[in-house]
Participant: 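Just dropping this structure here.
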There are 2 protein chains.
Amino acid sequence: MDRGAVVRITDVAALAGVSPSTVSKALNDTGSLRESTRARVREAAERLGFVPDASARSLSARRSFTVGLLSTDSAGRFSLPVVLGAENALVGGELSALLATARHDPVREQHHVRALVARRVDGIIVTGRTTEPREPIKVPMPVVYAFAPSSDADDASVVPDDALGMRLLVEHLVGLGRRRIAYVGGRAEQAASLVRYETLAAELAARDLAAVGEPLYGDWSEQWGRRAVDQILAGGPGSGRADGALPVDAIVFASDQLARGGCDRLRERGLRVPDDVAVTGYDDWDVMSLASRPPLTTVDMQLERLGQRAAELLIAAIEGDPARGVERLAPRLVVRASTLGDG
Amino acid sequence: MDRGAVVRITDVAALAGVSPSTVSKALNDTGSLRESTRARVREAAERLGFVPDASARSLSARRSFTVGLLSTDSAGRFSLPVVLGAENALVGGELSALLATARHDPVREQHHVRALVARRVDGIIVTGRTTEPREPIKVPMPVVYAFAPSSDADDASVVPDDALGMRLLVEHLVGLGRRRIAYVGGRAEQAASLVRYETLAAELAARDLAAVGEPLYGDWSEQWGRRAVDQILAGGPGSGRADGALPVDAIVFASDQLARGGCDRLRERGLRVPDDVAVTGYDDWDVMSLASRPPLTTVDMQLERLGQRAAELLIAAIEGDPARGVERLAPRLVVRASTLGDG
DNA sequence: TACGATCAGGAAATCGGATTCCTAGTTTCC
DNA sequence: GGAAACTAGGAATCCGATTTCCTGATCGTA
């Protein structure tokens, strides 16, 4: 399209009958100019569709008004909302977002970091796929880590408060009178699986309760959720129908996917959720938590807000007020029919 | 953090004992320099960690080496893979990707377009949430539309070949001996629902067959998938168990979500998939198609490749070789147990 | 009336590289 | 041995906007 049509400041100046510097002052509300002059310049700029060249502006401002969004993975289910939340918050600050996905490849990541440095981004937000701490990146501008914290405690990180999330679930379940609670995690070596169990155990202990049986670990699939239910029920007397002596009255799953599988299997075995067994998930991933039968009580980590918060911290750092350490963002308990019946 | 640590070309020049222009030539392999000089400069640049300022480079090159990824929605299930595919392909071309999500807000979109123009991006890739044609954007640089084509046929667009996708499904089903095929769509007013039915009908007609009953439209939820199954079975003799006279021997769903719901309901009604009724989905969205019981035969639109292709077209356009019109990208048939049993 | 203060706006320097143009040396060749 | 042809590298210009000076005009006040 009209390639040559790029309007420069001199074009506006010519049309308005002033000098380029006057145009700059008029459009940026600086310097001292008669209001009539400003208006005339504005009108000329408007008429020509003048949009100042960001490269030139960056060059003299020594700022790019751009931040990098560096995602360790390919912006999957967890890092994507974070990225979107951040992008959203950045727009408000007149900043643009450069997307860089490393796809778990250190070489790619290095390449991206270099590119971001070359672009003199004002700052970088680093996100990951898991909550595992990660090696910090070395760059000459502020960095905020989101979801996956930096392993260097001096860096600024924002992570979901998993412990609080689990506490909310326990409060909810115990408040409903559930006492025999079992736990089903995902992959055993991942922090999300482990931390959630530890908090669960601690919270139960604080109420003179204990989890039923050992925590069960597998993977993050619905299939494992189903199998885990089988294992739990096999552990109690009368594996099938309730004779009033089910081994559990609630199962806490470490993800919505697991919970959904669990609900399916409970139903298939003739048990009612939540009447016989209450079920909770984690993540509030709508296609799982809402499509589950019944819909899941779960914890929303508020990942978009997490990204937004990371952006706020980054903007503050850019403006000379850097944060340090890990900030934990409170999640939100979402109560649905898997614990409350039709309530 | 070492904020002041930005190394300029003059620093490298000083260390190497040459002039800035020589440094530029040495690092860009231009001009005529002794190899020993180039090496000396390279070493100096290396030692100082010199990364040329992209703004300055853009300014004189009159190119930003950046492209905009403008997503109409907030990078959801469909536009996200497209965006990722594009970003991935751009990296290869030494281009950076500016992410801009409009979230269905025309004001936001306009804002983003302005920002992209200000940054003098070399080109823009526009993606949408649906395959509905959209109003083109007016900018002075090349644009490629992905997933949602431009309503102006002179623009370059890349879309999934939905007709072909449905043809592959019909070929597959008919090849398996299925003859009584019903169709369940999503929202009635959306192109995806309609086009898929039309192609289905046309392909069946070409084989002297016809769809069973009218196409059913609802929304895109699993719940609707379940209900649609009820409607279909109610239409035939003996709504429940098979007496050998089920009204259908296959159901084509317009999405994996619908199909998954359909499978669940068929199973709940005691019917076997695929023995009694074969089921197909659309999208190959893993959390649906793989988690379904049985896993779904479906169509993979190859959205990442779509984004990649859009990036290729854009790069070509930037290099002066623009494409015109709509390019349809062939999807891939993914055969799983919902049509083939354990095969 | 005159002189300092204020104001409007322009000229020029600046940001950091890329590129064009030049100028000393060095070769080459007759 | 001298002119033409290269070479290597430096000086200067440019990209487009911002910003700092600076100047001429207007204003206020003694």
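Lettering of chains follows the sequences in order, A, B, ..., and the numbering in each one begins at 1. Atom set for the values below is all heavy atoms of this structure, side chains included, hydrogens, waters and symmetry mates excluded. Because the structure is a prediction, the values reported are computed rather than measured.
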Participant: Measure the CZ-CG distance between A:R309 and A:L306 for me, rounded to the nearest 0.5 Å.
Facilitator: 10.0 Å
Participant: To the nearest Å, give me how far apart CG (B:L27) and C1' (C:dA18) are.
Facilitator: 12 Å
Participant: Strictly below 4.0 Å: does B:R62 bring a side-chain N or O up to OP1 or OP2 of C:dT19?
Facilitator: no
Participant: Nearest-Å distance, CD1 (B:I9) to P (D:dC15)?
Facilitator: 19 Å
Participant: Using distance alone, with no hydrogens and no angle criterion, decide if A:S55 and B:R120 have a side-chain donor and acceptor under 3.5 Å apart.
Facilitator: no
Participant: Please state how far atom CZ in B:R120 lies from atom C1' in D:dG16, giving the value in whole angstrom units.
Facilitator: 9 Å
Participant: Identify the two heavy atoms, one from B:A26 and one from B:L33, that lie closest to each other, and give their separation to 0.1 Å.
Facilitator: N-CD1, 3.5 Å
Participant: Calculate the interatomic distance between B:N28 atom CG and C:dT19 atom C1'; express it in whole Å.
Facilitator: 11 Å
Participant: Could you state the CZ-C1' distance from B:R119 to D:dG16, rounded to the nearest angstrom?
Facilitator: 15 Å
Participant: If the threshold is 4.0 Å, N to carboxylate O, is there a salt bridge linking B:R57 and B:E94?
Facilitator: no
Participant: Indicate for each nucleotide in nucleotides 4-13 of chain D, in 5' to 3' sequence, whether protein heavy atoms under 4.0 Å reach the base (B), only the sugar-phosphate (S), or nothing (-).
Facilitator: ----BBBB--
Participant: Starting from C1' on D:dA17, measure out to CG on B:L59 and report it in whole angstrom.
Facilitator: 8 Å
Participant: Quick check for you: to the nearest 0.5 Å, what is the distance between A:R38 atom CZ and A:E35 atom CD?
Facilitator: 6.5 Å
Participant: Measure from CZ on B:R63 to P on D:dC15 and round the result to the nearest Å.
Facilitator: 18 Å
Participant: Can you measure B:F65 atom CZ to C:dG16 atom P for me and round it to whole angstrom units?
Facilitator: 20 Å
Participant: State whether A:R8 places a side-chain N or O below 4.0 Å from either non-bridging phosphate oxygen (OP1 or OP2) of D:dC15.
Facilitator: no
Participant: Within less than 4.0 Å of OP1 or OP2 of D:dA17, is there a side-chain N or O belonging to A:R57?
Facilitator: no
Participant: Of the non-hydrogen atoms in B:D155 and B:S150, which two are nearest, and what is the gap between them?
Facilitator: OD2-OG, 2.7 Å
Participant: Where the side chain of B:T131 meets the backbone of B:A148, is there a donor-acceptor pair that is under 3.5 Å apart?
Facilitator: no
Participant: Is the distance from OP1 or OP2 of D:dC15 to the nearest side-chain N or O of B:S60 less than 4.0 Å?
Facilitator: no
